[in-house]
Structure formats: C-alpha cells, structure tokens
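Quick notes on the structure that follows.
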Amino acid sequence: MSEVVDENQVVQASESQSILSNDSDKVDLNNDLKGSGDEQDEVTPYEMPKKPASAYVTSSILCLMIAFGGYVYGWDTGTIGGYLNHIDFQRRFGQKHKDGTYYFSNPRTGLIVAIFNIGCAIGGIAWSRLGDIWGRRLALVWVTIVYMIGLIISIASIDKWYQYFIGRIISGVGVGGIAVYSPLMISEVSPKQLRGTLVSCYQLMITLGIFLGYCTNYGTDHGYKNSVQWRVPLGLGFAWGLFMIAAMLFVPESPRFLIEVGRMEDAKISVGRSNKLPADDPAVVAEVEFLATGIEAERAEGSASWGELFSTKGKILQRTILGIVIQTLQQLTGANYFFFYGTQIFQAVGLPDSYETAIVIGIVNFASTFPAIYIVERFGRRTGLLWGAAGMVCCFVVFASVGVTRLYPNGKSHASSKGAGNCMICFTCFFIFCFATTWAPTAYVIVSESFPLRVKAKGMALSIAANWIWNFLLGFFTPFITGAINFYYGYVFMGCLCFSWVYVFFFVPETKGLSLEEVNIMWEEGVLPWKSAQWVPPSKRDASYDAEALANDDKPLFKRMIGK
C-alpha cells in the first residue's frame with residue numbers, strides 16, 4: 001500500500017472527473033490537506049500510520065490463504081516424481097521389459113512429469129484477462145475448478161497413460177492461472193511494508209506442498225502396492241482445491257480492481273482492512289484517492305493490449321524482458337533437477353531408500369523458506385538474488401565435481417562411493433538452502449512489483465509462462481541429458497547461475513519498501529539498477545536530491561561491480 005499521497009495529486013483528482021462516489025469525502029480530505037493561508041505549502045499529506053508487523057496478523061493470515069495456491073503447485077511437484085517409482089503406476093502406465101519388469105522410457109517420463117508445465121503456461125496466458133473482468137477472487141475460484149477437473153480425469157485413469165497425460169495438461173491449465181493470480185492478489189491487498197514478505201509466502205506454500213507430497217509418497221509406497229499409491233495423493237490434491245475455493249470467501253478483493261469497476265466504498269473497506277484502519281480514516285480515503293487518480297490516468301489511455309507489453313513507452317518492454325528473464329533464470333538455477341528427479345538421483349548415489357532422502361530435501365526446502373520471508377524485506381531483492389546465485393554456484397561446483405570424479409571410483413559397473421554420495425547429498429541441501437532463501441520467493445516478488453496496473457496481469461502471465469516453459473524443457477529433457485552426461489549436468493547450471501549474477505547486477509532494480517505506484521515512477525525515471533537502492537520517491541525528496549545522478553554513471557565497469 002502507498003504510504004503517502006501527494007497534495008497536487010489529490011487536488012487534481014478532485015478537480016477532474018474522479019470516480020469517488022462520495023464527493024463530501026473528497027472535499028473534507030482536500031480541506032484537511034490544504035490547510036489555510038501560508039501553511040498550505042508546509043502541510044504534510046496523510047500517511048498510513050506506521051505499525052509493527054504484529055499489528056497485521058489478520059492481514060497476514062488472509063494473504064496466507066491466498067498464497068495457498070502455491071501449495072497446490074508444490075503438492076504436484078512433490079508427488080509426481082515419486083509416482084514414477086511406484087510399482088502400480090509403472091504397471092498401469094509404463095512399458096514392459098522382456099524379463100517382465102515395468103519401466104518408463106525417457107520420452108514417456110519426460111512427458112508425464114513435464115507436460116503439466118505446458119498446461120500451466122497456456123493457463124497463465126489464457127486466464128490473464130479473467131481477473132480484470134471478474135475480479136481476482138473469482139478468477140482464483142475458476143482456475144482452481146479447472147485444476148480439479150484435470151485431477152478427476154487423472155484419478156479415473158485405469159491403464160491408458162495418455163488419459164492421465166490429458167488430465168495433467170488440464171490440471172496445469174488451472175495451476176497456471178493460480179500462479180498468476182495468487183502473487184498478484186497478495187501484492188495488491190498487502191500493506192507495502194510487508195508486501196515482499198507476504199508475496200514470499202506463496203513460495204513458502206510451494207515448499208510446504210513439496211515436503212508433504214514427499215511424505216505422502218513415502219507413506220503410500222511403503223504401505224500399499226495397488227493404485228492407492230498414486231490415487232490417494234491425487235485425491236488429496238482435490239481436497240486442497242476445495243480448501244482454496246473456501247478460502248476465497250474470507251479474503252478481501254483487490255482495492256485496485258474495486259476502484260477500476262467503480263466500487264469506491266468497497267475499495268475503502270479493503271484498504272482499511274489491510275491496514276487495520278476504519279474505512280473512513282483520512283489516510284484510507286487519501287490512499288483510495290491516490291489509487292483512483294492513477295487508474296483514471298491509465299483508463300484515459302484506453303484498454304491495454306498484449307502488444308503494449310512490447311512498447312518502450314514507460315519502459316514497459318524493459319520490464320517485460322526483466323520478468324521473463326528472471327522467471328527463466330529461476331528455473332535455470334537447477335532446483336527442479338532435484339525436486340523432480342530427486343528420488344532417482346539419490347538412487348544413483350547408492351541410497352537404499354531414496355524416498356527418505358527426498359523427505360530430507362523437502363524439510364530443508366520448507367525450513368529455509370522461513371528465513372527467506374525475513375531476508376526479502378530486510379536485505380532487499382537485489383542483495384538476496386546476488387548472494388543466492390553466488391552460493392548456488394559454489395554448491396554446484398562441488399556437487400558436479402564429486403559426481404564426475406569420485407562417485408564411481410571403480411567405474412559405473414561397480415558400487416558407488418558412500419563418502420562421495422554423502423558429500424553430494426550434503427551440498428544438495430546447501431544448494432536448496434541458498435535457492436529457497438533467495439531465488440525461490442524473490443523471483444515472484446519482483447514480477448508482482450514491476451508492472452503497472454494497466455498491464456500487470458498480462459505482464460505477470462507472460463513472465464510466469466516463461467517459468468513454466470523452461471520448467472517443461474528441463475523436466476522433459478533432463479532424463480536424456482543426464483543419460484548422456486550424467487553429473488556433468490551440474491556444470492551447465494553453474495554457468496547459468498554465473499550469468500544470473502551478472503544479469504541481476506546490471507538489470508534488476510531494488511524495490512524494497514516502495515509502493516507499487518512508486519516502483520512505476522522509479523522505472524519511468526530510468527534509475528540505474530545498481531543505484532536504485534538510493535532512489536527516493538518524489539513526495540519525500542528535498543532540494544539536495546539529484547535525480548539525474550541516479551540515471552547516469554560514468555564509472556568503469558569493474559568499479560560498479562565492486563561497489564566503489
């Protein structure tokens with residue numbers, strides 16, 4: 001939420017055709033802001049009162065309910081890899097060796113695991129307009145229903161792998177919409193000082209879903225040998241969808257959407273509810289008027305099209321590229337290499353029960369996301385991404401080098417080295433810690449903050465579609481790649497992480513502590529990313545502030561990179 005409202009913006013809104021439904025509120029607000037006589041230039045606009053995080057417990061719980069959409073995706077990620085090793089699943093949907101044993105070929109493995117992500121990419125783009133028409137809450141309800149329809153088709157599969165395959169595509173179409181609207185809605189209803197933390201809760205829910213998915217796989221694999229192994233996890237996914245729909249009955253609608261459709265009193269209630277203030281509080285009225293002014297300006301330019309995402313006006317193209325690249329690089333960290341194929345990787349290093357190790361990975365992933373919620377607001381977006389990329393590079397250097405040179409000292413036809421395997425598992429956990437505390441949540445935070453409201457849903461849909469597409473490519477081709485180069489694959493991800501560090505340094509601005517409207521102003525002013533932490537919103541600047549200095553830099557490249 002924006003903390004301040006510029007006096008001129010409020011006056012301008014009241015003189016123009018404001019969409020506030022209660023004119024007396026505008027008059028009273030402007031009289032309060034203007035003051036009288038010579039004091040007019042010195043009056044301080046109303047600000048949202050600063051409160052400790054403990055004052056926003058209710059808002060945080062409501063945002064967690066929205067973030068539960070991440071749990072739905074995490075549950076699929078945590079369960080699908082285990083299905084491939086379930087005996088009943090192999091018997092029904094796999095292929096048969098000459099000796100009578102069942103298996104999944106690399107193409108079928110890749111399709112069953114990864115086609116879900118193609119559905120997600122389609123769904124993210126297909127439903128991008130839904131939230132602007134129906135509102136964020138109803139959009140989330142609808143895409144969750146689509147996800148549940150796909151589950152029904154998959155659960156009903158008996159022995160035709162392509163029926164299960166079709167069900168996964170449809171489920172993915174639903175989850176693609178959830179992945180757009182959950183972070184988007186959280187970013188619009190949360191207080192600005194907690195926005196990064198609360199958007200990060202979406203990733204927290206993903207990790208919780210992955211962890212509990214691993215636990216469920218372990219339980220069904222050890223307790224059953226029939227279709228319960230995979231149908232129970234799918235059925236639980238249906239239950240999570242029902243919970244998501246029920247949660248939407250309690251969360252507030254986005255105030256930006258409410259203003260856009262002219263429901264001003266509802267917008268005040270939504271803003272007040274998020275900031276623990278009454279709807280008629282002057283700061284709430286000022287906030288709504290400020291949002292209304294921006295929305296009116298965007299509306300005056302006409303409806304946004306997909307082509308506008310590629311316009312250089314207002315640096316929209318630069319933001320589109322940023323969103324696509326950041327979401328792409330999140331996948332190229334290699335995290336899903338472990339999440340999708342963790343059980344198979346750890347079978348390769350000689351563990352008798354790879355499901356147990358997958359649970360350990362799930363625990364590390366889930367527990368590491370809690371410090372991420374603190375890190376994203378305390379240290380900022382840029383700092384977290386830079387340190388996270390550097391840490392993951394170090395982890396992959398060790399993981400890949402040990403896997404290539406020490407895991408099979410006597411050749412692959414002989415037993416693997418237990419010490420080397422333990423080392424690889426240890427650095428896998430270090431890697432997951434680095435990923436979960438930085439790139440996992442921060443990529444969603446950056447995308448949810450970067451686009452102006454006018455193209456926000458479309459921009460987020462396109463950015464997250466890039467995430468799904470790369471998710472598919474990695475999920476599908478990983479069995480082929482690891483079959484050809486085995487643990488040398490780690491060096492590929494290491495190279496991608498080196499590029500990620502460089503990209504973040506030169507192209508990702510710091511948005512910590514800024515309202516969504518202030519982030520838009522910073523982009524339009526052309527602030528250099530490595531100077532963005534010094535940027536001050538126009539309403540808080542003094543005479544000594546030099547905006548030009550933040551948009552230009554004549555330092556040599558090496559001095560920029562070491563911060564001198």
Side-chain angles (χ1 to χ4, degrees), residues 65-80 83 111-157 160-186 202 205-206 209-210 213 230-231 233-251 253-254 257 306 327 444 456-458 460-469 471-472 475:
M65 296 171 75
I66 302 170
F68 191 78
Y71 182 91
V72 173
Y73 167 55
W75 180 261
D76 180 87
T77 301
T79 55
I80 185 59
Y83 293 170
L111 284 174
I112 288 178
V113 171
I115 198 63
F116 178 83
N117 300 295
I118 291 296
C120 290
I122 294 170
I125 294 175
W127 308 127
S128 63
R129 182 70 180 141
L130 202 62
D132 295 332
I133 300 173
W134 290 0
R136 312 324 190 204
R137 288 198 307 173
L138 284 179
L140 274 170
V141 169
W142 170 248
V143 295
T144 303
I145 290 172
V146 173
Y147 162 72
M148 293 163 65
I149 291 172
L151 286 182
I152 292 172
I153 296 173
S154 294
I155 292 171
S157 303
K160 302 293 188 293
W161 76 272
Y162 48 82
Q163 180 180 345
Y164 182 85
F165 176 82
I166 292 170
R168 278 188 63 73
I169 294 176
I170 296 174
S171 292
V173 170
V175 170
I178 294 173
V180 171
Y181 287 113
S182 279
L184 184 153
M185 188 172 179
I186 295 171
Y202 177 77
M205 285 296 177
I206 292 178
I210 291 173
W230 55 277
R231 281 194 169 120
L234 285 175
L236 286 173
F238 193 89
W240 310 143
L242 290 175
F243 178 85
M244 183 71 185
I245 293 173
M248 291 304 102
L249 300 175
F250 300 96
V251 301
E253 181 57 90
S254 162
F257 168 76
W306 281 98
Q327 289 290 325
Y444 289 103
K456 188 172 185 178
K458 290 183 174 67
M460 288 188 66
L462 191 61
S463 300
I464 295 176
N467 184 297
W468 295 123
I469 290 171
N471 206 330
F472 166 77

Check: Gly174 main-chain N/O paired with Trp127 side-chain donor or acceptor under 3.5 Å = no
query = Does the pair Ile118 and Ile169 meet the rule for a side-chain contact (heavy atoms from CB on, under 4.5 Å), with working shown?
reply = CA-CA 7 Å; Ile118 291 296; Ile169 294 176; over 6 Å; no
key: Residue pair Pro183 / Tyr444: nearest heavy atoms and the distance that separates them   = CG-CD2, 4.3 Å
ask   = What closest approach, in Å, do Trp306 and Ala461 show between heavy atoms, and which atom pair accounts for it?
value = CH2-CB, 4.3 Å
task = Please tell me if the side chains of Val175 and Trp468 come closer than 4.5 Å, counting only heavy atoms from C-beta onward.
result = yes
task = Check whether any side-chain heavy atom of Leu242 sits under 4.5 Å from a side-chain heavy atom of Met148, and report yes or no.
result = yes
task = Might you point out which heavy atoms bring Glu253 and Arg136 nearest each other, and give the distance in Å?
result = OE2-N, 3.2 Å
remark   = CG of Leu130 to CG of Leu138, rounded to nearest 0.5 Å, is 8.5 Å
key: 4.5 Å side-chain heavy-atom contact, Ile115 and Phe165   = yes
task = Taking all heavy atoms of Arg137 and all of Met185, pick out the closest pair and write down the distance.
result = CG-CE, 3.2 Å
ask   = Could you give the distance from CD1 (Ile178) to OH (Tyr147), rounded to the nearest 0.5 Å?
value = 7.5 Å
query = For Ile66, does its backbone N or O pair with a side-chain atom of Ser182 as donor and acceptor, under 3.5 Å?
reply = yes
ask   = If you measure from CG on Leu184 to CE on Met460, what distance do you get to the nearest 0.5 Å?
value = 5.0 Å
query = If you round to the nearest 0.5 Å, how far is CZ of Phe238 from OG1 of Thr144?
reply = 11.5 Å
From CH2 (Trp240) to CG (Leu151), nearest 0.5 Å = 12.5 Å
For the student: nearest non-hydrogen atoms of Ala121 and Ala465, plus distance = CB-O, 3.9 Å
ask   = How about Tyr181 and Trp142: are their ring centres within less than 6.0 Å of each other?
value = no
query = What pairs meet the side-chain hydrogen bond (donor to acceptor under 3.5 Å, both in side chains) rule with one or both residues in residues 164-175, with sequence neighbours excluded?
reply = Asp76-Arg168
query = Does the side-chain contact (heavy atoms from CB on, under 4.5 Å) test come out yes or no for Tyr73 and Phe116, once each step is laid out?
reply = CA-CA 10 Å; Tyr73 167 55; Phe116 178 83; 3.9 Å; yes
message = Closer than 3.5 angstrom, by distance alone: can the side chain of Ser157 be matched with the main-chain N or O of Ile153 as a donor-acceptor pair?
response = yes
Exercise: identify the closest heavy-atom pair between Ser463 and Gln327 = O-CB, 3.3 Å
note = With sequence neighbours left out, the residues meeting ring-ring contact (aromatic ring centres under 6.0 Å, His included) with Phe472 are Phe476
Rounded distance [0.5 Å steps], OG in Ser154 versus CD1 in Ile166 = 9.5 Å
